[in-house]
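Proteins get letters first, then strands, A, B, ... in listed order; numbering begins at 1 in each.
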Amino acid sequence: MTTSHILEMSDIAKSFGKIPVLKRVSFNLRRGEIHALMGGNGAGKSTLMKILTGVYNRDGGSVRIEGAEVELHDTAAAERAGVAMIFQEFSLIPTLTVAQNIFLKHEPRLPGTPFINNAEMVRRSRDLLHKLGVDIDPEAPVGSLSVGYMQIVEIAKALSKQARILVMDEPTSSLSEAETEALFALVRRLRDDGLSVVYISHRMAEILELCDRVTVMRDGQTVLTEDCAAMSVEHIVDAMLGAGNTASFTWHDRGELPDAEPILRVRNLKLDTRIQDVSFDIRPGEIVGLAGLMGSGRSEIAETIFGRQSPVSGTIEFDGKPLRGQADAIARGVALVPEDRRKMGLVLDHSVRDNIVLPNLDRFSRHLFMRDGAAMTTVNATIRDLGIKTDGPEKLARLLSGGNQQKIVIGKWLARNPRLLILDEPTIGVDVGAKSEIVETVRAMADRGMAVLVISSELEEIMAISDRILVLHGGRIVQQMNRRDVATEEELHHAIQGHRIHASDARHA
Amino acid sequence: MQSKATASMRPMPVMPKIQWQNYVVYIFFIVVLAFFGFTIGDSGFLTVTNLFNIARTTAMITIMAVAMTFVISAGELDLSVGSTAALAALVGALVMQAGYPWPLAVMAALAAGLGVGALNGFFVTVISIPSFLVTLGMMQFIRGLDMRVTYTNPVSISNQSFNAIFGSGKFYGLPSLLIWSVVIAGIGHVVLKYTSFGREILATGGNRLAAEYSGVKTRKVKFAVFLLSGAAAALAGMLYSGMMQTARFNFGEGAELMAIAAVILGGTSLFGGKGTILGTFAGSLLIGTINNGLIIMGLDVSEQMMVAGAIIILAVAFGKKPNG
């Protein structure tokens, strides 16, 4: 008897054309647990969840919910069976109110009429949101909410349909730390009330903190299902990569760098955001990590160096001379891989080739005319060097996975041989495999003398890649330390919250 | 390991596949030609004179549509081209009427077009008003100006050099209007496809922010396409006046919509980022051929409009990609 399992997916098979994507996958979900589902891109986890939510039809196997076999031919059938999914890109309509969104397509009616009972809808929304412990006005338009609140409205929408199984796909990828904490508390509370949650995420630390069990998929099969208490990050990464290949995500001491003049010198930078007084240097060949809370102004520092914003006061010198705007910065070898690759990094409906060529138009044109042959050589080299997995250079960027898209954005700048590369959240939504490849590329470029500034919310990443770490807090660099003097991620975590740590005194308060 | 991952990621077996949707304008063009050829071929449709006639009457739409391809590819729209054409025609005609040589008239007409383009570009890029609104207002304003300049009186053009070059003449047996449209489409094709400016236009329309982060000065690009559109409208206006040997305030009425239809029929994305001049040229010829064939078939104007409208919707529907 397996009555403790609310969901049993057994021997699920699915092929697209001749390519098997799921090879007899089994996945069980207990009543009232948070179950992490992990795997690299193409491992099959999203296909499996699309079968559960009725987006795809399976080729073989069975799905049981509460012990009874269910057919899930479409999303409506999945909804009736009590399955709801919260998508990475929210399915909310920004111009409608919170209540209108929650009850979209199942609005309460005035008894005996086809007309919507607005008062009832608002009242029930308020109750739901109250139960979720948030104070959101049901009559506010969704577009006016923060991303964290939108996420909660999504959950309310699922609950309003009596969902018993909730699938969450990368729910924290655009949340701040505080919002993430609040979301976790909420998800735990819902679990304690008996909701069962499938939680998809790339963030290891998060998984171990939140989830009860974890299932790892690789190449269309489940390779591991285990209690989280028994797991470590290395364990999970090993299972995902399939080999003992985690070297690139562990830190290497790159030794003392040759004493060189700093290539970038930032002095007393004040911006009209929260940045009050920031000064730091970066030397050629050095990888500097900038750690700080979400919203602390990290990205604005990057944008200012790249010349997209002007400082209120302070100076930015590159190679001994001040930087004058974006065109000057690009011409002199500054490159920025921006925070949001889909919005700022890529023309999604253009090919891999066109995206790589875009910042290099000046190099690949003569008397206005494009030299496509020369461009193609560089494009092919970039695809090869960065290991961009694509059917070819003409494939649309939109069709590539997050990790490969990010490799395009990095590659298009590396094609210019920049002298300073700024990476703003380089591995958000990037799977472990691509993540370690990106880290390796960055290390290789630094070894050849490129200066690198890495901004990241993932302390794990800062810890893995940096030679030196800057801690931003309250608009100032409150601490600079060599990576080798920081023993654990917890220390760094403490530092960005505003507590000073001392290299000599690793035991913090 | 790497190749294995690639294989399992591919949703479908990769086959060399021709996307016939990309060629729907050419297919429609051939189908329409064949249809008219069989039904009214012996009523004069298939004569060289008539085919030249199609090319002649579509020249102005073609030229405005070529520039419109640039504008739409950059993610904008220009509704003011029709009334700008009339303005340029009137300016040119008045300069010649005042006794100045025709090259000066041409320059004045072009200046009028560039002036309207600069105004459009200013309001779109500096004041940041959506181009639909700016050019809708401009369309109205300029048409009013057209009427005001001569109190709706036509201005006749007696300069035969001007009339020959811009409209009624023939060179090596080819109508000058045909030559103009082929030359402009050729230049447009090369610029959009083979220059860095063309790439900048497509990148700007595909994702303005990503283009900016890549160093493209998107405001300059947008300003430039409005200038081009104004200049093309001015040229079209001169062609109208050269063909009619007179300039009228109502030249180019509705031409902006025909030009947009030609662009979209040709396969350019209405949302920017993807454009083809050859498709536009074919789209313009398709519209011209339909109109011409329907006239020869003896349909009256009301019927012509209904059939032409229906064919445009059908062609766009067929050209739509599945799930796109």
Contact origin within B:Val191 toward chain A - heavy atom pairs under 4.5 Å: neither
So what's closer than 4.5 Å to chain B heavy atoms on A:Asp372: side chain, backbone, both or neither? side chain
Is the number of heavy atoms from other residues, nucleotides or ligands under 6.0 Å of A:Leu368 CG greater than 12? no
Taking atom OH of B:Tyr194 as the centre, does the number of heavy atoms from other residues, nucleotides or ligands within less than 6.0 Å exceed 12? no
Chain B contact via A:Phe306 - which portion, at a heavy-atom distance below 4.5 Å: side chain
Answer yes or no: are there more than 12 heavy-atom neighbours, outside A:Phe369 itself, under 6.0 Å from its atom CZ? no
Between B:Gly205, B:Ala203, B:Gly198, which has the largest tally of heavy atom pairs under 4.5 Å with chain A? B:Ala203
Per side-chain hydrogen bond (donor to acceptor under 3.5 Å, both in side chains), B:Ser229 is matched among B:Thr69, B:Asp78, B:Thr135, B:Asn120 by B:Asp78
Got a donor-acceptor contact below 3.5 angstrom from the B:Ser269 side chain to the B:Phe271 backbone? yes
Can you tell which part of A:Leu346 gets under 4.5 Å to a heavy atom of chain B, answering side chain, backbone, both or neither? backbone
